[in-house]
Structure formats: C-alpha cells, structure tokens
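Chain identifiers are assigned alphabetically (A, B, ...) following the order of the sequence lines, protein sequences preceding nucleic acid strands; residue numbering begins at 1 within each chain.
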Amino acid sequence: MDPWEGLRQEVVRLLDEGLSGLRWRVSRSLEETLEEPPDPRFGDIATTVGFELSKTLRENPQSIAKELVGKIKPRGLIERIEPVGGYVNFFVEFSKFGELTLEAIERFGERYGHLDIGNDQKVVIEHTSVNPTKPLHIGHGRNAIIGDTMARVFRALGYRVEVQNYIDDLGRQVAETLVAYDEVKEKPKGKFDHVLGIIYAQLHERLEEDLELEQKVRGVLASLERGEKAISEVARRLCERCVKANLLTTDRLGISYDLLVWESDVVRSGILGEVLDRLRATPYLVEGTGDKSGTLVLRFPDGIEDKVLIRSNGTAVYTARDIAYQVWKFGCTKAGLRFRFHSKRKDGVKTYTTSPKGKAMRRFGRADKVINVVGSEQKFPQRVVFASLKLMGLEQQFRNSYHLAYEHVRLPDQRFSGRKGTWMGFSVDDVLEETISRARAVMEERAGTTDERFKRRVAESVGVGALRFSLLSTSPEKEIVFKWEEALDFDRNSGPAIQYSYARACSILRKIGKYKSKRVPPTFRLPEEKSVLKLLAKYPGILRAVGEKLQPNILARYVAELALEFNKFYEAAPVIEAETPEIRVSRLRLVKCTRIVLKNSMRLLGIPVLERM
RNA sequence: GGGCCCGUGGCCAAGCCAGGAUAAGGCGGCAGCCUCCUAAGCUGCAAAUCGCGGGUUCGAAUCCCGCCGGGCCCGCCA
C-alpha cells in the first residue's frame, strides 16, 4: 500500500545483508542513512553509510562503499548498485517497481494512499471560529482552508473526524456590534456579515472619542456575560444571521462543519462551572495576591506563568471558557450540551448547532485527539489550556491536544483589522469574486467553447482552486503577505495548473477510447516516466507526513510537483502514438494512475476537479 | 526584561526536526517550441556570500553558541 516505503525497506534489507556479511556495524538505523541522490542518473536511492563507517573502520569512504557493493547482489526491486565517492547508489528495477506501484493504485483507486493509522479513533478539529460580527477576510480564509484540509486528510488516514466551528457570541465585539446596529440608522445594503462589518468599523471611529457610547458597550457586555435573557436573545439572533452569511462563503470554498459550538451555550450548560470546580479541587487554582487580589489564579508547577481565570468581579476570563470547551471536546464533563440540526452543506454534510432548546446527543465531542486551528499569536493561551488539562489529571487528553498554529495574512503595509475596516476589499467574498472573474477573462482569451454554463462552472472552480492552493501551499508558520498577482496566479505551481494537468490526463484517456491491455509488467525507460512513477509511489508517505506534522502545505507542494512532472511526461512521451503496444499500455496505465493520484490529492486539498477546462 | 516564529537568486518559496553529491520549484527577465494526446503547456539561458560571526564534524542551509533584522506573545482586554 505504500510502494515507496516498501522500496526503502528492500534497500535496507539488502544493505543489512551486505553489512552483516562484512561484520560491519552501524550505530543508527539504516533507514536514517537513506537519501535521494540529487540527480536520478546517480541512482534512485542512496545510502551515506560509507561515510559513517569510515571513522570506525579507519578506511576511506570510497573503498568502503566499493567493498559493500561487492557484497550485495541486486535483486527484487533493485537492478543495479554502484559505489560513487562514498555513496552506495541503488537503481530501481522499474518494470517490477512500476507493476507494484501501478497495481496498488489501480486496486485501491480512490482509496490509494489512505492509511489506517487512525484506527477509527475520533479527532475533533476546530477551525474558522470567527467572531460572528463580520465577514471572513482572507486571513480567516487561511484558517478555514487549513482546517478543512486537515479534516479531509485525517479522514483519509482512517480517523473519524468531527469539525467544529466555535462561535464566540459573548465577546466585546458582539457587544460593540449590537450597539452599532442600534446606533447606525442608515444601514448599508448587502450580505449581512458585510453589513455588520461595515457598521462595526464605522462605530469604532466614534467609540474612540464618545465616552457615552463606550459606557453603553460595557453595559451590554456585562449583560451578555450575566446571561440576561432579553439582550442575549437579541445578540443570538444577530450572530445567527451573521454566521449564516459566513457559511455562504465557506460553502463556496467547499468547507464543511459538523457542529457549530456557541460559547454562550458552553457557559450556560454548566460545563464551565463544572470545569472550574474541578480546578478548584486541585492545589493549582489559588487566590491572587497583590494587584491580583480578589481573583482566582491558575498557578502552574512547571514554569508556565500564572494566569488569572476568575476576575475579581467573579466572571470567567476567555481562557477559562476555552479550557471548559477543550475538556468538553474530550467528553470529560458530566454536564452536556444540547443540539439541533442547523443546515446542510453543499457536499451534503449536515451541520448541527448547539442550542439551549435542542436535545442531548451522544455523537458529539468525546474525542481521542483534538486539533485547534488557531493563530500563532495564541500559542501562550493554547499552552495554558492544554496544561490545565494535565493539572486536572487529564494526562492523556493533554498529550492528545494539538495547536495547529498559523501565521496571519497581511497586506504589504498593514494588518487586517475589523476595527479599522482594513479587511474591506480583502474579504474572502471579494477576493473570490475577483479571482473568478479573472479566470473568466483567461477563458475568454483562449479560443474554444462558447457554452456559457461550462464557462461559468470552470471559472468558479478555477477561482476556488487558485485561492485554496495559494493559501495552502505556504507552510503555516510563515506569514503571508497578500498580493493580488499571487492570488490570481494560474500558471505553474498553482491550483489551476494542477487542474489543468488533470484535465489533460482525462483528455488522453478520452481520446484513446477502448483498448485491450495484456497484463504484462510495464516498460519505463524515459526519465520523465520514471520520475512520475516515483512520485506516485510516494503519495501514501506524503499523507502520513501531513498528518504527523499538521502541515497541509506538504501535500500542496507534492501535487504541484506531480502536475509539473506529468506535464514534462506529456511532452516527452506520446501515449496514443507510442512506439510500441507495450510502451503504449505502460504509459496509459501511468496516465490513469496519475489521474487517480491527482484526483485524490485535489479532493483532499479541496481543489475542484475538472475533466475539461 | 523573558519567550516563540520567520530571515534561502530582483520577488515568492522547498529543503532544516532525523547533517552528505552540482541549494528544488515557481514568478519576473532573455531566447526558442503549436499541420502531433488541451500552449493555463514544454525546452534552454542568465540570476544565491542559504541574515551576520563563531563552534562541532571527514562534511553544515540543516546541529550548538552569540549577534542583527522582521513579526508575535508575556492583560482581571477579547
């Protein structure tokens, strides 16, 4: 199921055999000495073990490599072994390795690459979690797209996945928006989340000088935190409308949620109280002293700074609610939440929501593993949340809590700010619209179809693919400076480039029509063929790496490379007009398998799959 | 003051955790390729003191120490 790993293991076996024949011992595992030569002409896999042995054996690496090669008889997936410098280079027998790889892909099809390392464990992934008072800007888009992609990958890795979107309806932003909504008489027209975002930014200018207004906001916030019925219901309705508008945006990007968790519901359900009681029962939640007198402070035994959890007015801080939520995700609370059906996503996923009037359901939460997709600026609070699990004796839950931290998206000269309204023009809706219309323009330039529906569908898919890829392909810990040229990039190394390679593969298969294929091992001689095949073989390992490192960019980079190599193959190796029937069948299988792996990858990245474009 | 992340050709960026061969790939630039499976493509060329300085090592972009630059965190804010 993992052809590349199988190949590596075979190399290790051969090496092991050669080494024991010479009675040479290596201190670390042979697997770790393997690497890929910089040029396939040197070989497909190499070991640097000769350099290490030269120290203990007091001999130069060259002669060690030479002697070692003399002891190993190439067989199986390896056809040739050569010593070069201190390296031992292994050459793959592409007929056998090709058959093994292609056979695996043909057999598993859409499930090729799916490894059952999740063992049916449940992972809860929280992402998006935007204040329900504004539209998603491109930075929120990064969060949602990373989270959504991780959800897809974990499903492929054999986990049961539940995606949660945490709605903070008790924050200051909600209080401010509520006041603003009341103050601003002439409301702008448009999508509700945009409307709220605009009036919020408008109010903020006034808030800076208008003390009366500030008092009003504080009053509303206090009422919300106390859970006063009338105002809470107004707030909830406003937030509900905003969330609904936000979901229209994420729907377009193909993002799904299983559950919306409302902060107010977590607080009201008694979960917060229960978790705080549990902390009080430990020696770690202590009364604050000095300037913190009157508060309750979480004091960690192991180096993390003190953190106030209960303010002197008796209310809980944000982090306290986060702790409660985290404990609930693992199913470690007696108190529970109530749920009802919320809405259906484009892909058919049913989204539920917590709701005071809903009913208890056992299917939510109860995670074995929790991944929070939250900005890197929250590393400290996330650490506090996780560490407090340990203080409560939830050692295992502590170990299974992960913070997928990502850096922000910003403009060349400023950050996005809801208060200043700098997101305007850079909301996911705005960017998507621009990207799609640009894709449309490219289609118009290319001669071809006049089918209006086809054009619209392709432009939408290309736009979504371009945006998702551009936000996924950079590693999460790197800040992204948003530039239109990059979001609108449809050339190589972009979402559309991958879609294009896929469409070309489809085109070959369409045109070749029916063919009869005898089951003979494939023939691959061209470097372009070999390099595509090797990439196909590496796919399962890529998925594993994404899951282990929580880095979806690894998959994005991989599939872009596959598309690129496939294009080179496309130019160099005619399929339909291949030199011999054997080569034709070999290439055809390679195309079919490339198509499968491209499709599987695109599905996981949420890049729409197009048969033609 | 303490801590975390980032720094790789003009621009973006992989590799760093598990040290090895000529430091991927893309954008932009220059020069080519469509009677042939979709030119959103392919080929070639030019372009890098891997932030700086030490150290470890046969070997350092990668490990260690120090420094510089950029971002973020260290609230009873949210």
Side-chain angles (χ1 to χ4, degrees), chain A residues 28-29 31-33 35 37-39 42 46-48 50-52 54-55 60-61 84-87 89 131 168 170-176 221 288 291-297 303-305 307-319 375-381 383 405 407-408 410 415 439 442-443 445-446 448 462 466 470 473-481 483 485-486 489-501 503-512 549 553-554 557 560-561 563-564 566-568 570-578 587 591 612-613:
Chain A
R28 58 179 181 154
S29 85
E31 177 105 36
E32 282 173 22
T33 73
E35 62 169 37
D39 188 314
F42 296 142
T47 175
T48 57
F51 296 99
E52 278 171 52
S54 81
K55 211 176 303 171
N60 70 60
V84 177
Y87 300 92
N89 295 332
N131 280 317
D168 174 11
L170 289 183
R172 187 183 161 93
Q173 281 204 14
V174 172
E176 288 178 333
L221 182 59
D291 59 345
K292 289 182 178 155
S293 79
T295 66
L296 285 179
V297 175
I304 302 176
E305 284 171 67
K307 174 74 193 162
V308 171
L309 285 194
I310 307 288
R311 304 184 188 109
S312 46
N313 69 7
T315 57
V317 303
Y318 192 88
T319 302
S376 331
E377 78 281 2
Q378 293 203 46
K379 275 186 180 173
F380 175 65
R383 224 173 124 216
E407 281 293 340
H408 281 217
R410 43 166 301 195
R415 311 184 34 158
V442 172
M443 287 195 81
E445 277 172 37
R446 308 171 72 200
V462 166
S470 84
S473 59
T474 303
S475 52
E477 71 270 16
K478 282 208 189 194
E479 188 178 71
I480 293 180
V481 177
K483 293 191 186 112
E485 313 89 83
E486 281 157 32
D489 182 17
F490 302 154
D491 294 340
R492 304 164 247 226
N493 225 327
S494 74
I498 297 156
Q499 293 170 312
Y500 182 66
S501 291
R504 279 176 130 188
C506 290
S507 174
I508 294 175
L509 296 171
R510 229 178 2 247
K511 296 220 163 129
I512 204 160
K549 297 181 177 175
N553 58 302
I554 296 171
R557 294 279 159 197
E561 193 185 347
L564 209 59
F566 178 74
N567 285 340
K568 291 179 187 172
Y570 184 97
E571 300 283 335
V575 178
I576 296 172
E577 301 296 329
R587 287 182 185 163
V591 172
R612 299 170 198 260
M613 64 186 279

If you find the nucleotide of RNA chain B closest to A/N89 and the one closest to A/V442, which residue's nucleotide is nearer the 5' end?
A/N89

On RNA chain B, does the nearest nucleotide to A/A439 precede the nearest nucleotide to A/I480 from the 5' side, or the other way round? Give the residue.
A/I480

With a 3.5 Å distance limit and no angle check, can you tell me whether A/S494 reaches the backbone of A/A497 through a side-chain donor-acceptor pair?
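Flag set: sc A/S494 to bb A/A497 pair under 3.5 Å.
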
Tell me what [X] touches on the nucleic acid: a base, only sugar-phosphate, or nothing, going by heavy atoms under 4.0 Å.
X      : value
A/A46  : base
A/S475 : sugar-phosphate
A/A466 : nothing
A/V591 : nothing
A/R612 : base

In this structure, how many angstroms lie between the [atom2] atom of [N] and the [atom1] atom of [X], rounded?
X      : N     : atom1 : atom2 : result
A/D489 : B/C27 : CG    : P     : 7 Å
A/R557 : B/A14 : CZ    : C1'   : 6 Å
A/R28  : B/C17 : CZ    : P     : 11 Å
A/H408 : B/C6  : NE2   : P     : 16 Å
A/I554 : B/A13 : CD1   : C1'   : 15 Å
A/E35  : B/G19 : CD    : P     : 11 Å
A/I498 : B/G25 : CD1   : P     : 17 Å

Side chain to side chain contact (heavy atoms under 4.5 Å, CB included), that's the test. Do A/M443 and A/M613 meet it? Break it down for me.
CA-CA 9 Å; A/M443 287 195 81; A/M613 64 186 279; over 6 Å; no

Could A/K549 and A/E477 be called an ion pair, given the rule that one side-chain N must be under 4.0 Å from one carboxylate O?
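The answer is no: the pair does not qualify as a salt bridge.
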
Does a salt bridge link A/E176 with A/R172, judged by any charged N lying under 4.0 Å from a carboxylate O?
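The answer is yes: the pair qualifies as a salt bridge.
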
Closest contact, heavy atoms only, A/P476 versus A/N553
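Taking every non-hydrogen atom into account, CD-OD1, 3.5 Å.
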
What's the gap between [N] and [M] when it is taken at their [atom1] atoms, as a whole Å value?
N     : M     : atom1 : result
B/A47 : B/C30 : C1'   : 11 Å
B/G32 : B/A18 : C1'   : 44 Å
B/G51 : B/C34 : P     : 42 Å
B/C27 : B/A13 : C1'   : 10 Å
B/A21 : B/C17 : C1'   : 22 Å
B/G70 : B/U8  : P     : 14 Å
B/G26 : B/A48 : C1'   : 16 Å
B/A24 : B/G9  : C1'   : 13 Å

Pairs under 3.5 Å (N/O, protein and nucleotides 69-78 of chain B):
unit_1: B/C72; atom_1: OP1; unit_2: A/R415; atom_2: NH1; d: 3.3
unit_1: B/C74; atom_1: O2'; unit_2: A/E305; atom_2: OE1; d: 2.3
unit_1: B/C74; atom_1: O2'; unit_2: A/E305; atom_2: OE2; d: 2.8
unit_1: B/C76; atom_1: O3'; unit_2: A/R311; atom_2: NE; d: 3.2
unit_1: B/C76; atom_1: O2; unit_2: A/S312; atom_2: N; d: 3.4
unit_1: B/C76; atom_1: O2; unit_2: A/S312; atom_2: OG; d: 3.2
unit_1: B/C76; atom_1: N3; unit_2: A/S312; atom_2: OG; d: 2.9
unit_1: B/C76; atom_1: N4; unit_2: A/D291; atom_2: O; d: 2.9
unit_1: B/C77; atom_1: OP1; unit_2: A/R311; atom_2: NE; d: 2.1
unit_1: B/C77; atom_1: OP1; unit_2: A/R311; atom_2: NH2; d: 2.4
unit_1: B/A78; atom_1: OP2; unit_2: A/R311; atom_2: NH2; d: 2.7
unit_1: B/A78; atom_1: O3'; unit_2: A/R172; atom_2: N; d: 2.7

How long is the straight-line distance from [atom2] of [Y] back to [atom1] of [X], given to the nearest 0.5 Å?
X      : Y      : atom1 : atom2 : result
A/E577 : A/R587 : CD    : CZ    : 11.5 Å
A/N60  : A/S54  : CG    : OG    : 8.0 Å
A/R557 : A/N493 : CZ    : CG    : 5.5 Å

Greater than 12 external heavy atoms within 6.0 Å of A/R612's CZ
no

May I ask you to check whether over 12 heavy atoms, not counting those of A/R311, lie within 6.0 Å of atom CZ?
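Counting neighbours around CZ of A/R311, more than 12 heavy atoms of other residues, nucleotides or ligands fall under 6.0 Å, so yes.
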
Sorted by chain and number, sequence neighbours left out, side-chain contact (heavy atoms from CB on, under 4.5 Å) with A/E305 holds for A/F380

Find every protein N or O atom lying less than 3.5 Å from an N or O atom of nucleotides 55-63 of chain B, and list the pairs.
none

Assess the residue pair A/S376 and A/E407 against the criterion (side chain to side chain contact (heavy atoms under 4.5 Å, CB included)); give the C-alpha distance rounded to whole Å, side-chain angles, the decisive distance to 0.1 Å, and a yes or no.
CA-CA 6 Å; A/S376 331; A/E407 281 293 340; 3.3 Å; yes

Hey, what are the protein-to-nucleotides 41-49 of chain B N/O distances that come in under 3.5 Å?
unit_1: B/G41; atom_1: OP1; unit_2: A/R492; atom_2: N; d: 2.8
unit_1: B/G41; atom_1: O3'; unit_2: A/N567; atom_2: ND2; d: 3.1
unit_1: B/G41; atom_1: O2'; unit_2: A/R504; atom_2: NH1; d: 2.8
unit_1: B/G41; atom_1: O2'; unit_2: A/R504; atom_2: NH2; d: 3.4
unit_1: B/G41; atom_1: O2'; unit_2: A/E571; atom_2: OE2; d: 3.2
unit_1: B/C42; atom_1: OP2; unit_2: A/R492; atom_2: NH1; d: 2.9
unit_1: B/C42; atom_1: O4'; unit_2: A/E571; atom_2: OE2; d: 3.3

Between the base of B/A13 and the side chain of A/N553, is one N or O donor paired with an acceptor at under 3.5 angstrom?
no

Determine, stepwise, if the pair A/S501 / A/N567 fulfils side-chain hydrogen bond (donor to acceptor under 3.5 Å, both in side chains).
CA-CA 7 Å; A/S501 291; A/N567 285 340; 3.0 Å; yes

How should the glycosidic conformation of B/C17 be described, syn or anti, under the criterion that syn lies within 90° of 0?
anti

Going through the checks in order, is the side-chain hydrogen bond (donor to acceptor under 3.5 Å, both in side chains) test met by A/S312 and A/T295?
CA-CA 4 Å; A/S312 46; A/T295 66; over 6 Å; no

Sorted by chain and number, sequence neighbours left out, ring-ring contact (aromatic ring centres under 6.0 Å, His included) with A/F51 holds for A/Y87

B/C27 OP1/OP2 closer than 4.0 Å to side-chain N/O of A/K483:
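No, outside the criterion.
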
When you look at A/R504 and A/E571, which way does the salt bridge (charged side-chain N to carboxylate O under 4.0 Å, His left out) test go after all the steps?
CA-CA 11 Å; A/R504 279 176 130 188; A/E571 300 283 335; 3.7 Å; yes

Using a 3.5 Å cut-off on both pairing distances, which stems of three or more Watson-Crick or G-U pairs include RNA chain B?
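Stems found: B:1-7 with B:68-74, B:10-12 with B:25-27, B:29-33 with B:41-45, B:51-55 with B:63-67.
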
